[in-house]
Structures are given as C-alpha cells and as structure tokens.
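A short write-up of the structure that comes next.
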Amino acid sequence: QQQVKQSPQSLIVQKGGISIINCAYENTAFDYFPWYQQFPGKGPALLIAIRPDVSEKKEGRFTISFNKSAKQFSLHIMDSQPGDSATYFCAASRASNYQLIWGAGTKLIIKP
Amino acid sequence: DSGVTQTPKHLITATGQRVTLRCSPRSGDLSVYWYQQSLDQGLQFLIQYYNGEERAKGNILERFSAQQFPDLHSELNLSSLELGDSALYFCASSDREGGELFFGEGSRLTVL
C-alpha cells in the first residue's frame with residue numbers, strides 16, 4: 001500500500017511533442033504529490049507539486065493532472081525541448097509525516 | 001545551486017573499508033535526509049534526521065549509520081564496504097519535516 005508505481009521506465013519524444021509520465025498509488029491517505037527532475041550528475045530538484053483538492057496544476061509547459069478516484073497522477077510536458085531530457089521522479093506522502101514514497105523514475109529523452 | 005553541500009564528490013575505496021560522507025544542509029534547514037541511488041536506479045531512502053534526532057529509517061543497512069550534529073551538518077558512515085555499495089549518495093534538506101526537499105549534488109562512491 002505504500003508503493004508508487006511509475007511508468008514508463010523510459011520515454012523518447014520528438015522535439016515539440018507532448019511527454020506524458022504516469023504514476024499510480026494505493027494509499028488513499030496520500031495528499032501531497034510532487035514531481036522531481038534530475039539531470040545527469042545532479043541531484044533531483046522539485047519541478048511541480050499538487051494536492052488533491054485540485055485536479056490540475058500548470059506551471060509553464062509543465063502540468064500535473066490528478067485523478068483522485070483512480071488514484072493516479074501524471075506529468076505532461078508540452079512542447080518538449082531537448083533541455084527537458086532528464087529523469088523524472090514522482091512521489092507521494094501523507095500530510096501527517098511527509099515521508100515521501102518515490103516512484104522508480106522515468107528517463108526522458110527529447111530528440112531534436 | 002541548491003545550497004546543500006556534500007563532500008567528497010567522488011570516492012574510490014576497496015571492499016571491507018569504511019568511509020564517511022558529509023552533508024551541510026541549506027542555511028536554516030533543520031531536516032536532513034540521506035538517499036542512495038545505484039546506476040540508473042531510483043532513489044532509495046536511507047534515513048532522516050530533524051534537529052539532531054533520528055526521525056525515520058528506510059532501507060538502511062546495519063553496516064551504515066548516520067548522525068546529525070548540533071551545527072546541523074550530517075554524516076553518513078558506511079562500513080565493511082561491498083561492491084554493491086557502489087552508488088551515488090544524496091543528501092537533501094528541508095526547512096521542516098516535509099515540504100520541498102533540496103538535494104545536494106551527491107557523493108559518488110566506487111568500491112573496488
């Protein structure tokens with residue numbers, strides 16, 4: 001019940017296309033869902049996060065879509081650019097303790 | 001620059017040896033987290049400290065130990081090293097329990 005399942009493991013998208021990464025969780029007590037972006041040789045950095053009181057959150061070209069009933073959330077990258085090539089991690093936690101449960105990561109490659 | 005400093009950046013050692021990894025959190029952050037990331041793998045949570053006290057333990061081996069000092073810096077001690085311990089070790093900090101994690105650039109450990 002503590003797992004966060006992330007898919008796909010890897011993704012190749014053409015420049016200008018839409019990149020979509022999906023995550024699913026089982027614990028209905030989770031109420032904080034961040035996405036972290038990691039470039040090679042660097043530590044992960046928070047990209048965008050959502051709480052379940054909204055179904056969508058947009059920041060620039062990055063959007064989180066959240067489906068509470070399906071216990072799924074996804075990251076959409078619009079107009080994907082080569083600079084978006086990185087590994088993306090989803091995570092989830094409960095407000096009570098904020099221990100993040102991490103997805104396995106998705107390696108995204110944007111082809112020029 | 002996340003403001004989290006990790007030393008050393010690279011470390012090569014032999015099996016059976018002991019190493020210490022050091023982390024200085026962002027100024028004012030009370031919470032420190034340690035993560036292990038093996039080649040092309042996800043983030044494995046090891047341990048969390050808050051203001052000097054151990055708060056949560058993840059998949060940390062008995063051969064590994066950590067502490068957070070009064071000045072809030074933290075050290076991760078890895079002993080009786082095995083080949084499988086070769087990995088990137090990340091430290092992250094946050095200003096409270098939960099919320100955004102700020103990661104350092106990691107310490108790359110190679111055990112030969």
Side-chain angles (χ1 to χ4, degrees), chain A residues 2-12 21-25 27 29-52 57 59 62 64 85-109, chain B residues 1-10 21 23-26 29-50 53-60 76 87-110:
Chain A
Q2 283 290 84
Q3 276 190 319
V4 175
K5 295 182 179 179
Q6 183 172 347
S7 63
Q9 189 174 5
S10 62
L11 181 62
I12 300 174
I21 305 171
N22 300 298
C23 285
Y25 63 98
N27 190 339
F30 287 155
D31 67 352
Y32 174 65
F33 303 91
W35 285 89
Y36 280 76
Q37 180 188 53
Q38 183 182 24
F39 293 107
K42 301 291 185 183
L46 180 65
L47 181 64
I48 187 172
I50 197 169
R51 296 190 187 275
K57 183 174 181 180
E59 289 186 4
F62 299 90
I64 297 180
S85 297
T87 299
Y88 292 81
F89 292 96
C90 65
S93 71
R94 298 183 294 170
S96 61
N97 64 9
Y98 281 91
Q99 286 301 322
L100 284 173
I101 307 300
W102 295 82
T106 296
K107 188 171 184 177
L108 174 64
I109 297 172
Chain B
D1 182 4
S2 68
V4 177
T5 303
Q6 288 188 247
T7 57
K9 290 193 185 304
H10 302 276
L21 309 180
C23 170
S24 295
R26 288 190 322 156
D29 282 1
L30 299 178
S31 224
V32 169
Y33 306 74
W34 285 98
Y35 285 87
Q36 179 192 57
Q37 186 175 41
S38 301
L39 188 64
D40 288 337
Q41 296 294 309
L43 292 161
Q44 298 298 318
F45 168 67
L46 296 178
I47 197 163
Q48 178 208 351
Y49 283 85
Y50 178 80
E53 292 187 6
E54 182 184 304
R55 269 300 202 253
K57 257 185 175 178
N59 300 321
I60 187 166
L76 179 66
L88 259 174
Y89 291 84
F90 285 107
C91 169
S93 73
S94 65
D95 60 355
R96 53 189 165 84
E97 294 196 82
E100 181 176 356
L101 297 185
F102 293 86
F103 283 80
E105 296 203 342
S107 292
R108 181 173 293 281
L109 172 67
T110 303

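Proteins get letters first, then strands, A, B, ... in listed order; numbering begins at 1 in each.
Rounding to the nearest 0.5 Å gives a distance of 4.5 Å between CZ of B:F45 and CD of A:Q99. Taking OG of B:S94 as the reference point, atom CG of A:L100 lies at 9.0 Å (rounded to 0.5 Å). With rounding to the nearest 0.5 angstrom, the OH atom of A:Y32 is 6.5 Å from the CD atom of B:E100. To the nearest 0.5 Å, atoms CH2 (A:W102) and CD (B:Q37) are separated by 9.5 Å.
Interface summary for chain B: among A:P44, A:G43, A:A91, the most heavy-atom pairs under 4.5 angstrom belong to A:P44.
Heavy atoms of B:Y35 lying under 4.5 Å from chain A belong exclusively to its side chain. When heavy atoms are compared at a cutoff of 4.5 Å, A:Q38 approaches chain B solely by way of its side chain, counted from C-beta outward.
Counting non-hydrogen atoms of other residues, nucleotides and ligands closer than 6.0 Å to CD of B:E53 gives a total of 12 or fewer.
Proximity of B:L43 to A:Y36: side-chain heavy atoms (C-beta onward) are nowhere separated by under 4.5 Å.
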